[in-house]
Amino acid sequence: MRRRRMRRLLVLTLAILAAWACAASARAADGITRGTIYKDGPDNRYLLGGDWLFRLNAGEGRKQRLQRQTSTDGWAKTAVPNAWNAGDNSVASMTGTVGWYRKDFRLPDRRARMDWLVRFESVNYRARVWLNGKPIGRNTGAYLPWDLRLPRGALKRQGMNRLVVRVDNRRLRTDFPPSGLTGSGDPAGGWWNYGGLLREVYLQRVDRIDITSLVVRPELQCATCAASVLARVVVRNYGDSTASVRVSGSFGGRALNLGTRRVGAHTFKSFAARLRVSKPRLWSPDSPYLYQARFAVRAGGRRVIGYRLSSGIRSVAIAGGKLTLNDRPVSLRGVGLHEDDPRTGFAIDSARRAQIITQAKELGATVIRSHYPLHPEMHELADRVGLLVWSEIPVYAVKTQYLKREMVRKLAARELEDNILANQNHPSIILWSIGNELSARPGPVQSFYIDRAVRQAKALDPSRPVGLAVAGYPSAGCRPQYAALDVIGINDYFGWYPGPNGQIADRDALSDFLDAVRACYPNKAILVSEFGAEANRDGPVEEKGTFQYQQDFVNSHLAVHNSKPWLSASIYWALQEFRVRPNWDGGNPHPNPPIHEKGLLRFDGSKKPAWFDVQRQFAATPQLGGQ
Ligand code: GCB
């Protein structure tokens, strides 16, 4: 009797194990794993990893009804993230085309009450999405996350779902960054036009209530003051009936009660609370202390979603025309960078991200800059190791005739808003940059853009300054159009490029130019947002493109920057080589297109001689709390 019971138990256990193994292998086959590869965010996300399908199809895919195809004929296996043209350095690759991605998957949780979203971290550039043949939405613009709800009517709870994404990376003049042609008729652009799902794709499970935005904003009036931490959570009710929703949380282990409110069907509601931290441990590059924040949303008597993030208490301000961090005026030194990799292009992995951050630290940088919002994991690494981030949207060299168009400014405004909403909880981010190298002689169009963007950024996040990087040309003079900006970044190529009418050909003109800029904007923080020289060979110090020239260039420019106690930062462009565009020469008489060779590291990661000069100079500069 007892033996029979034992045997029955054994059989049952084996059956359960087999079912579990079967479900697990189905999940593994679909490549869906719980969680995100970065830490901050909600706890109900699933990485859509594993095998994806891909096919290139120059615009003809819709005619072939690829969005409806159920067989896998003509599709090749790929993995996501993916840049389909990584390694293809042709003009056609830079110009862009259309690629199709497809993911066949089963839901990792079949309960009927669950809603599902699909979240794309970065798709370059225009995306259209179908689920099981039905169109479910579209998006324009890379480097920022966006999501779509998987309509209940189209979603299969049991069995296989087919998610199809058409990605069009043919750059237009009105895109960020815009297309254009160089003098020789090649496609222009500041970095390679990688097409594809450049960052991860997630499924997000929603149990009626979702968190659509979450802000933890520590406010600090002075470095020895108590901090006031604002926590604001916006929830959305996906259900068909009103729900009583309670939001609670903690910051640094101390409880936060954001209250209980009724949230109507299909509506949003904001919950907020403040917490006083009387003796905060401040975050700074020399002591990047992080507080852990947690949130839980309860509805209908159960916990429907949790959210966690790391936060840091610090203040960023401008005082006496200098950037301050926790009341200390700073003279930051740092590097610009691209999330590029010789093999995978912009579809880089965690190891590559960690490598970039480690290299920036090893160089002695306290600040990094890129032309677009970085991957979320880059921000988390920067928070953890104490690197400040100049956060910019890719409104890069947009010509006035296009910036004039309302549709262009609207997209820019959306990118700015999305960047702030997605990334504002990172203590590493010290400012919002609204673009790079728009016309150096701004008129009413740029003035309108700047005023609107600054107002918008301040309304969304009053705690951070707003800046713009501009080409450093003496002929620009003092520009009243920059009045609304807190920070001006000067891209300094004195002695490298000639500039219009040869006005920056002479390196010796740099010092006076910087002083003139200072005189124009005595109350703004001024920093050098770029300086750099290409180098790919040994040779005479006077010859552009040699390692020796690059060493001399960095030493002389840093000497000038060091001599300006009012300068808030100096950022070398760039940490490492990257792909720019076909026929790029970057001012080097012996270039190696498409590689941008101003990097201190070659594309293969090896160090150029100038690396050591910059490293030595950065170490010798009191970057935090100098003058
Ligand atoms: C710039 C751009 C940067 C380029 C650099 C160059 O001003 O902002 O994206 O890579 O010049 O090397 O010409």
Side-chain angles (χ1 to χ4, degrees), residues 94 142-143 171 175-180 182-184 186-194 334-340 346 367-374 390-399 433-441 467-474 476 487-500 503-505 510 513 517 527-536 544-545 549-550 553-554 557 569-603 608 610:
M94 182 72 189
Y143 313 111
R171 270 188 189 164
D175 288 349
F176 302 141
S179 66
T182 62
S184 53
D186 293 312
W191 58 94
W192 199 264
N193 181 18
Y194 292 109
V335 274
L337 54 89
H338 276 289
E339 292 180 339
D340 203 353
F346 274 19
V367 61
I368 55 174
R369 171 175 179 239
S370 67
H371 287 313
Y372 41 81
L374 294 166
W390 162 296
S391 178
E392 187 163 294
I393 48 173
V395 179
Y396 178 98
V398 177
K399 293 210 162 57
S433 168
I434 59 171
N436 178 67
E437 296 199 357
L438 305 177
S439 166
R441 300 173 62 83
L468 173 71
V470 307
Y473 293 139
V487 177
I488 296 181
I490 301 290
N491 292 349
D492 152 23
Y493 289 97
F494 275 75
W496 181 257
Y497 292 124
Q503 60 184 297
I504 61 168
L510 171 63
F513 167 70
V517 171
L527 45 82
V528 169
S529 36
E530 282 178 34
F531 69 107
E534 309 261 330
N536 58 9
K544 281 186 181 168
Y549 187 102
Q550 188 186 38
F553 179 95
V554 298
H557 279 249
S570 157
I571 304 177
Y572 184 78
W573 183 258
L575 174 65
Q576 187 166 0
E577 296 182 344
F578 56 90
R579 290 189 187 92
V580 195
R581 63 180 187 226
N583 288 324
W584 168 258
D585 66 41
N588 184 352
H590 301 290
N592 176 29
I595 308 296
H596 184 283
E597 297 186 313
K598 296 187 177 77
L600 298 171
L601 299 169
R602 288 172 177 271
F603 211 10
K608 300 182 188 176

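These numbers come from a predicted model, not from an experiment. Order of appearance sets the numbers: ligands from 1, and atoms from 1 within every ligand.
Taking the six-membered ring where tryptophan is involved, the planes of H338 and W573 are perpendicular, since the angle between them exceeds 60° and thus also 30°. Ring geometry, W191 versus Y396: the interplanar angle exceeds 60°, so the pair is classed perpendicular (tilted spans 30 to 60°).
The closest side-chain donor-acceptor pair between R441 and Y473, if any, does not fall under 3.5 angstrom. Between the side chains of N536 and N592, no donor N or O sits under 3.5 Å from an acceptor N or O.
For D585, there are no side-chain hydrogen bond (donor to acceptor under 3.5 Å, both in side chains) partners, not counting sequence neighbours.
Each of H371, Y396, N436, E437, N491, Y493, Y497, E530, W573, W584, H596, K598 has a non-hydrogen atom positioned under 4.0 Å from some atom of ligand 1.
Residues E530 and R369 are paired through a salt bridge, judged by an N-O separation under 4.0 Å between the basic side chain and the carboxylate.
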